[in-house]
Amino acid sequence: MAVRNTLRDIRLERNLTQEDLAKAAGSCSRTISRIERGERNPSLEMALRLSQFLNVDVEEIFQLEDDLFI
């Protein structure tokens with residue numbers, strides 16, 4: 001099951017840099033870049049920090065591509 005995200009879209013809508021998000025999440029801009037490209041999934045803590053900083057629900061940023069639950 002893959003996770004897709006709208007992090008880049010939200011970031012650009014708000015005129016934020018990857019560095020801004022990295023600082024808010026306690027990470028680095030390289031990690032944010034990898035998350036935006038789908039090369040890496042964030043930890044739960046990072047997903048919550050990003051959600052809180054952007055003032056949106058986690059589900060608005062991250063979604064499962066396959067919504068089947070076993």
Side-chain angles (χ1 to χ4, degrees):
M1 221 180 289
V3 175
R4 67 176 185 265
N5 72 76
T6 58
L7 186 58
R8 182 176 187 273
D9 296 333
I10 295 170
R11 177 177 62 78
L12 293 175
E13 285 173 3
R14 296 172 186 217
N15 297 315
L16 297 168
T17 65
Q18 289 178 340
E19 193 68 37
D20 295 330
L21 290 182
K23 193 177 243 186
S27 186
C28 67
S29 59
R30 189 167 154 173
T31 298
I32 297 299
S33 176
R34 288 179 177 162
I35 292 169
E36 288 183 350
R37 291 192 315 264
E39 295 175 2
R40 179 175 178 184
N41 289 325
S43 67
L44 177 57
E45 180 182 353
M46 181 176 292
L48 292 170
R49 287 183 187 276
L50 290 168
S51 168
Q52 184 176 36
F53 177 73
L54 295 168
N55 197 30
V56 297
D57 292 334
V58 172
E59 293 87 355
E60 290 184 49
I61 306 171
F62 303 101
Q63 306 86 31
L64 293 175
E65 285 187 350
D66 181 1
D67 58 358
L68 289 176
F69 294 96
I70 300 174

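The neighbour count for Gln52 CD, taken as heavy atoms of other residues, nucleotides or ligands under 6.0 Å away, does not exceed 12.
Judged by distance alone, the side chain of Thr31 and the main-chain N or O of Ala22 form no donor-acceptor pair under 3.5 Å. The closest donor-acceptor contact from the side chain of Thr6 to the backbone of Asp9 lies at 3.5 Å or more, if one exists at all.
Under the side-chain contact (heavy atoms from CB on, under 4.5 Å) criterion, Asp20 pairs with Leu16, Thr17, sequence neighbours left out. Arg34 is linked by a side-chain contact (heavy atoms from CB on, under 4.5 Å) to Arg30, Arg37, Glu39, Arg40, counting only residues two or more places apart in sequence or in another chain. With sequence neighbours excluded, the residues forming a side-chain contact (heavy atoms from CB on, under 4.5 Å) with Glu59 are Asp57, listed by chain and number. Scored by the side-chain contact (heavy atoms from CB on, under 4.5 Å) test, Ser51 finds Val58, Ile61 as partners (sequence neighbours excluded). For Glu13, there are no side chain to side chain donor-acceptor pair (under 3.5 Å) partners at least two apart in sequence or on another chain. Take Glu36 and apply the side chain to side chain donor-acceptor pair (under 3.5 Å) test, not counting sequence neighbours, and it matches Arg11, Gln18.
Contact check for Leu21 versus Leu7: side-chain heavy atoms found under the 4.5 Å cut-off.
In the hydrophobic clustering of ILVMFWY residues, with side-chain heavy atoms under 4.5 Å counting as a link, Leu50 and Leu64 come out together. Linking Ile, Leu, Val, Met, Phe, Trp and Tyr whenever their side-chain heavy atoms come within less than 4.5 Å leaves Leu12 and Ile35 in two separate clusters.
Using a 4.0 Å cut-off between charged nitrogen and carboxylate oxygen, Glu19 and Lys23 do not count as a salt-bridge pair.
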